[in-house]
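Encoded as structure tokens, the structure appears first; notes follow it.
Chain letters run A, B, ... following the sequence lines, proteins first and then strands; every chain starts at 1. Values reported hereafter were calculated over all heavy atoms of this structure, with side chains retained and with hydrogens, waters and symmetry mates removed. Keep in mind that this is a model prediction, so the values were computed, not measured.
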Number of protein chains: 2
Amino acid sequence: MDLSSFYKCLSDPTRLRIVNLLLKGPLCVCQIQEILQEAQVKTSKHLGYMKSRELLIVKRKANWNFYEFAPSLHPIALSSLQAIETYAVDDAVLTVDLNRLQDSLTNDCC
Amino acid sequence: MDLSSFYKCLSDPTRLRIVNLLLKGPLCVCQIQEILQEAQVKTSKHLGYMKSRELLIVKRKANWNFYEFAPSLHPIALSSLQAIETYAVDDAVLTVDLNRLQDSLTNDCC
DNA sequence: TTGGTATATTCCTATTGACGTATATAGATA
DNA sequence: TATCTATATACGTCAATAGGAATATACCAA
């Protein structure tokens, strides 16, 4: 993956929110949708966008698709992702999402 | 500046090259053009793009416009920029640009 | 004041991106 | 097999982006 493609993945607010969630570990699409409270098609397309640019990979388990970061990302990408993880607490939207993620993890929809 | 706008600035290869150069310090447009070996209008527009999104600022000195990073960027932005600076050596294009920058600094066009 | 140099802007075109509606697909289950 | 659930894709629309050609602007210098 070239670097500008990586940054394109981060250049949309919805995708940034997804990345913020996935930094905590793999998630299935329904969890992401629920946390973002966005339309199904919107979530799915942004996930597809990041998958096609090789930032994310999918693993299917039974009925559910779990997305996670691709292995061996560029060091610059890793470093940028780490920065997002570190400073997400300063961002209202990202923090709310992380709180919703906590709640979601106690669920067992998938 | 919101975060996705910052990443939009990094989401184009030409802008990444410019950012890589400016990490070494302020530069005037003619130096940037010369190093990138890109058309004047292309360079100027990308600089304008990043200025309008408040990643860069301009300081005019005599006939020349010097671009540099805006003060007090978001910590995530600073961290991402630092990652680019650290790992630029691994990128062929960015490395060549930095070498050209060295040569350019010995000039005195501006 | 005339011209030159550095840089930005306008106009045009082609491409990409974002989002919604509707529909398709894949796998699980009854 | 029929259907349900989870998810992706196709299609249409509108906005944003990238890049080139031509032109404008701002400042300097003669």
Residue B:W64, side-chain atoms from C-beta onward, closest of D:dG20, C:dT7, C:dA28:
C:dT7
Side chain of A:C30, heavy atoms from C-beta onward: which of C:dG20, D:dT7, C:dT7 has the nearest atom to it?
D:dT7
I want to verify a distance call: between D:dA21, D:dT17, D:dT9, whose nearest atom is closest to the B:V41 side chain?
D:dA21
So does B:H46 get a side-chain nitrogen or oxygen closer than 4.0 Å to the phosphate oxygens (OP1/OP2) of D:dG19?
yes
Under 6.0 Å from the six-membered ring centre of B:F66 and within 45° of its axis: does the NZ or CZ of B:K59 meet both?
no
Do B:Q40 side-chain and C:dA8 base share a donor-acceptor contact under 3.5 Å?
yes
Measure the distance from NZ on B:K8 to P on C:dG17 and round it to the nearest whole Å.
11 Å
Please tell me if A:R60 has a side-chain N or O lying less than 4.0 Å from either OP1 or OP2 of C:dA28.
no
Under 4.0 Å, counting only non-hydrogen atoms across every strand here, what does B:F66 touch: a base, just sugar-phosphate, or nothing?
nothing
Heavy-atom count around B:Q82 CD within 6.0 Å, excluding the residue itself: above 12?
no
side-chain contact (heavy atoms from CB on, under 4.5 Å) partner of B:L22, the single match among B:L56, B:L81, B:L55:
B:L56
Does A:R17 reach the main-chain N or O of A:L36 with its side chain, forming a donor-acceptor pair under 3.5 Å?
yes
For D:dA8, does OP1 or OP2 lie under 4.0 Å from any side-chain N or O of A:Y67?
yes
Where the side chain of A:K45 is defined as all heavy atoms beyond and including C-beta, which of D:dG20, D:dC11, C:dA8 is the nearest nucleotide?
D:dC11
Could you please name the option among C:dT7, D:dT7, C:dA18 that lies closest to any side-chain atom of A:R15?
C:dA18
Of all the choices, D:dT5, D:dT7, C:dA8, which nucleotide is nearest to the side chain of A:N63 once you look at every atom?
D:dT5
In whole Å, I'd like the distance from the CE atom of A:M50 to the C1' atom of D:dA8.
15 Å
Out of D:dA18, C:dC19, D:dG20, minimum distance to the side chain of B:Y49 belongs to D:dA18
Cation over ring face, A:R15 and A:Y49, 6.0 Å, 45°
yes
Any B:N65 side-chain nitrogen or oxygen under 4.0 Å from OP1 or OP2 of C:dA8
yes
